Amino acid sequence: ETTVSIRRNRMFEDSYQSLHRKSADQWKGRFTIKFSGEEGQDAGGLLREWYQLMSEEIFNPLYALFKLSPADNVTYSISPQSYINEGHLSYFKYVGRFIAKAIYDQ
């Protein structure tokens with residue numbers, strides 16, 4: 001079991017720092033989410049909320065990881081500006097693992 005302690009105003013950064021060095025086997029384990037400064041037991045609801053909020057944060061334009069497709073304004077592609085984040089390649093690996101974890105936990 002992996003406990004992920006995150007601040008809501010630093011959702012992406014805190015999640016990344018807690019998880020990006022975990023092995024693939026560790027990603028297959030159970031995650032328990034703890035929002036800093038909040039009471040609550042994670043009986044699944046906090047994990048679902050984390051998936052939802054992180055899914056939105058991944059596409060936050062401030063990270064410049066993805067850009068909205070001008071063709072349809074519905075799909076996303078990798079942003080050519082992603083290099084402005086020094087660790088952008090590591091971010092992409094983390095995002096891939098996050099998406100795989102969401103599918104695995106379904």
Side-chain angles (χ1 to χ4, degrees):
E1 183 171 310
T2 299
T3 299
V4 183
S5 295
I6 49 179
R7 296 165 288 182
R8 286 185 182 272
N9 64 337
R10 294 189 47 87
M11 176 86 53
F12 186 89
E13 297 92 343
D14 288 352
S15 298
Y16 172 81
Q17 287 301 321
S18 293
L19 298 170
H20 82 280
R21 289 193 175 105
K22 302 286 185 196
S23 70
D25 283 338
Q26 289 172 306
W27 276 85
K28 292 177 187 175
R30 185 175 189 275
F31 286 3
T32 300
I33 304 301
K34 172 79 173 121
F35 288 108
S36 297
E38 298 181 22
E39 294 295 321
Q41 295 287 349
D42 189 358
L46 296 178
L47 181 65
R48 281 190 297 278
E49 183 180 6
W50 176 71
Y51 279 132
Q52 176 64 41
L53 295 172
M54 274 297 297
S55 296
E56 296 168 8
E57 277 297 293
I58 287 168
F59 298 104
N60 183 332
L62 295 176
Y63 298 114
L65 296 176
F66 299 96
K67 67 176 183 129
L68 200 54
S69 172
D72 60 14
N73 284 327
V74 175
T75 57
Y76 287 85
S77 60
I78 292 175
S79 171
Q81 301 300 316
S82 66
Y83 69 88
I84 65 169
N85 287 313
E86 186 176 317
H88 70 285
L89 296 178
S90 182
Y91 284 166
F92 284 123
K93 180 178 178 181
Y94 168 73
V95 167
R97 286 191 169 187
F98 169 80
I99 292 169
K101 173 74 171 159
I103 293 168
Y104 183 82
D105 282 353
Q106 280 287 340

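Here the structure is a predicted model, which is why all the values come from computation and not from measurement.
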Donor-acceptor contact below 3.5 Å, side chain Lys67 vs main chain Pro61 | no

Between the side chain of Arg97 and the main-chain N/O of Leu19, is any donor-acceptor distance below 3.5 Å?
-> no

Calculate, to the nearest 0.5 Å, the distance between atoms [atom1] and [atom2] belonging to [X] and [Y] respectively.
X      : Y     : atom1 : atom2 : answer
Lys101 : Leu47 : NZ    : CG    : 7.0 Å
Phe31  : Trp50 : CZ    : CH2   : 5.5 Å
Thr2   : Lys22 : OG1   : NZ    : 5.0 Å
Asp105 : Arg48 : CG    : CZ    : 11.0 Å
Asn60  : Met54 : CG    : CE    : 10.5 Å
Phe66  : Thr75 : CZ    : OG1   : 12.0 Å

Heavy atoms only: give me the nearest [X]-[Y] pair and the separation to one decimal.
X     : Y     : result
Asn85 : Ala64 : ND2-N, 4.3 Å
Phe35 : Glu49 : CE1-OE1, 3.7 Å
Val95 : Ile58 : CG1-CG2, 3.8 Å
Ser5  : Asp14 : O-CB, 4.2 Å

Any donor-acceptor pair under 3.5 Å linking the side-chain atoms of [Y] with those of [X]?
X     : Y     : result
Glu1  : Thr32 : yes
Glu56 : Gln52 : yes
Ser79 : Tyr63 : no

Are Phe59 and Phe12 an aromatic pair by the rule of ring centers under 6.0 Å?
-> no

Just say parallel, tilted or perpendicular for the rings of Phe98 and Tyr51, cut-offs at 30° and 60°.
-> tilted

When you look at Ser82 and Tyr91, which way does the side chain to side chain contact (heavy atoms under 4.5 Å, CB included) test go after all the steps?
-> CA-CA 10 Å; Ser82 66; Tyr91 284 166; over 6 Å; no

Using a 4.5 Å cut-off on heavy atoms from C-beta on, say whether the side chain of Glu38 contacts that of Arg8.
-> yes

Is there a path of hydrophobic side-chain contacts, each under 4.5 Å between heavy atoms of I, L, V, M, F, W or Y residues, that connects Tyr76 with Ile103?
-> yes

